[in-house]
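Excluded from the calculations below are hydrogen atoms, water molecules and symmetry mates; all remaining heavy atoms, backbone and side chain alike, are included.
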Amino acid sequence: MGFVASLLIVYGVAGVVLGGAVAIAIGRCLHHRRRSQIAAYARSPSASPGAIREGFALLRGEVGAEDAAPGDAVIAVEIPCGVQAGATLGAWQTRSRAFSLRLPSGAAVRVEPASGRLSLDTTFVPARRGGAPAYVSEVRPGDTIYIAGSVRRELDASAAGKGYRDAAQAWVLRAPTYGSLCVASETVIAHHARRARFHRAWALALGGALAALHLGPFRAFHASVLGAVEPAGGIDIGSAALALFFVGAAALCYRTLAEQTSPWTELRVERSRAT
């Protein structure tokens with residue numbers, strides 16, 4: 001094979017395609033790890049309030065019972081559904097109010113949900129609202145929840161400090177700059193942890209395969225490109241065919257298994273057009 005064709009195979013196909021698959025696997029692993037790893041200060045019952053740090057965090061705690069009546073939800077998401085055959089799901093209806101989240105250590109974090117920037121990654125149960133069927137998910141006082149967002153130190157308007165030089169402050173959890181404040185169930189957190197391990201294993205496997213491919217069959221070609229040895233002109237057709245098959249099979253296998261083993265099903269909500 002010609003030098004240019006060999007260059008495209010080694011660096012274009014075997015490098016970019018397999019390298020891209022490794023990058024995707026690493027990215028997905030970090031994403032799911034971020035969504036499943038609880039902040040250290042939200043895990044330990046002995047953590048002091050001073051251990052809380054600003055920044056994105058996944059917290060686990062109990063919704064303060066003082067924030068609302070026991071039967072009044074602090075967060076509620078409803079998805080109305082049509083009663084006629086072929087009817088589409090209606091617009092999501094979200095209600096939320098500020099509440100406190102009590103961590104295992106006893107420290108409290110004020111949760112401030114923002115309209116349009118809140119998501120519930122939890123189980124929705126069938127219910128009836130106004131006589132119509134709907135799917136509902138609610139967070140009530142006393143519930144233990146997982147919630148991910150941006151932790152900040154802010155002035156506490158509900159508490160009085162010792163003066164304008166010593167204004168009371170509190171830890172507040174809000175939606176991150178880019179994204180939503182996400183409430184998740186324990187089942188969803190466990191799914192994220194398993195997905196992080198799945199993508200990590202594939203990142204290691206694909207990364208090892210990429211290294212073996214370039215340090216093995218393509219090692220002499222790399223040396224000729226760098227001028228370490230006399231130009232070889234190109235790689236033999238057998239190595240090229242093996243590389244193309246190996247790269248395609250590895251990338252396809254990863255994508256197929258990632259889709260087949262995913263615990264989530266994509267749900268598309270369509271709004272019916274006004275007649």
Side-chain angles (χ1 to χ4, degrees), residues 32 34-80 92-129 134-160 168-177 179-193 263-264:
H32 289 292
R34 190 169 182 247
R35 296 293 296 272
S36 63
Q37 188 174 40
I38 304 172
Y41 59 80
R43 295 195 306 265
S44 175
S46 59
S48 64
I52 301 178
R53 294 290 182 268
E54 290 192 342
F56 181 89
L58 172 64
L59 306 181
R60 179 184 183 275
E62 182 178 313
V63 178
E66 71 277 4
D67 293 301
D72 186 15
V74 294
I75 298 177
V77 176
E78 300 177 8
I79 308 177
W92 291 49
Q93 299 178 4
T94 303
R95 302 189 307 275
S96 62
R97 53 172 294 176
F99 62 92
S100 62
L101 185 72
R102 187 72 58 180
L103 303 181
S105 62
V109 176
R110 189 71 175 172
V111 181
E112 297 280 353
S115 177
R117 301 188 62 190
L118 175 68
S119 65
L120 265 70
D121 222 356
T122 59
T123 301
F124 284 75
V125 297
R128 300 191 69 84
R129 290 293 186 269
Y135 290 97
V136 179
S137 182
E138 296 179 331
V139 175
R140 297 177 179 276
D143 289 350
T144 298
I145 62 172
Y146 295 82
I147 185 166
S150 179
V151 179
R152 303 172 187 172
R153 186 74 163 169
E154 298 182 2
L155 295 179
D156 186 3
S158 63
Q169 292 186 323
W171 289 106
V172 179
L173 183 69
R174 300 181 184 273
T177 304
S180 302
L181 190 66
C182 182
V183 179
S185 65
E186 189 169 1
T187 300
V188 171
I189 297 299
H191 282 321
H192 278 297
W264 292 283

Quick check for you: to the nearest 0.5 Å, what is the distance between [X] atom [atom1] and [Y] atom [atom2]?
{"X": "Ile189", "Y": "Ile145", "atom1": "CD1", "atom2": "CD1", "answer": "10.5 Å"}
{"X": "Arg35", "Y": "Tyr146", "atom1": "CZ", "atom2": "OH", "answer": "14.0 Å"}
{"X": "Arg152", "Y": "Glu54", "atom1": "CZ", "atom2": "CD", "answer": "8.5 Å"}

Search all heavy atoms of [X] against all heavy atoms of [Y] and return the closest pair with its distance.
{"X": "Ala39", "Y": "Ala57", "answer": "CB-CB, 4.1 Å"}
{"X": "Ala98", "Y": "Pro113", "answer": "CA-CD, 3.9 Å"}
{"X": "Ala107", "Y": "Ile52", "answer": "CB-CD1, 4.3 Å"}
{"X": "Leu181", "Y": "Ala148", "answer": "CD1-O, 3.4 Å"}
{"X": "Leu59", "Y": "Tyr41", "answer": "CD2-CE1, 3.5 Å"}
{"X": "Pro176", "Y": "Ser150", "answer": "CA-CB, 3.9 Å"}

Pairing residues for Ala76 by the side chain to side chain contact (heavy atoms under 4.5 Å, CB included) criterion, not counting sequence neighbours: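 Result, side chain to side chain contact (heavy atoms under 4.5 Å, CB included) vs Ala76: Ala73, Arg95, Glu138.
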
Sub-4.5 Å side-chain heavy-atom contact between Arg110 and Trp171: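 They are not in contact (no side-chain heavy atoms under 4.5 Å apart), so the answer is no.
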
Within the structure provided, determine whether Thr144 and Arg60 are in side-chain contact (heavy-atom separation under 4.5 Å).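 Yes, side chains in contact.
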
Taking atom CZ as the centre, does Arg43 end up with more than 12 heavy-atom neighbours from other residues, nucleotides or ligands that are less than 6.0 angstrom away?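 Result for CZ/Arg43: enclosed.
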
Give a yes-or-no answer on whether the side chains of Ser44 and Ser46 include a donor-acceptor pair shorter than 3.5 Å.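 Result is yes, a qualifying pair exists.
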
Trace of the side chain to side chain contact (heavy atoms under 4.5 Å, CB included) decision for Asp143 with Val74: CA-CA 10 Å; Asp143 289 350; Val74 294; over 6 Å; no

Keeping the roles fixed (side chain from Arg117, backbone from Gly179), state whether a donor-acceptor pair exists under 3.5 Å.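 Yes; at least one donor-acceptor contact below 3.5 Å.
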
Kindly say whether Leu58 contributes a backbone atom to a donor-acceptor pair with the side chain of Gln37 at under 3.5 angstrom?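 Checked: no pair found.
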
Could you walk me through whether Glu112 and Glu154 pass the side chain to side chain contact (heavy atoms under 4.5 Å, CB included) test, one step at a time? CA-CA 12 Å; Glu112 297 280 353; Glu154 298 182 2; 5.9 Å; no

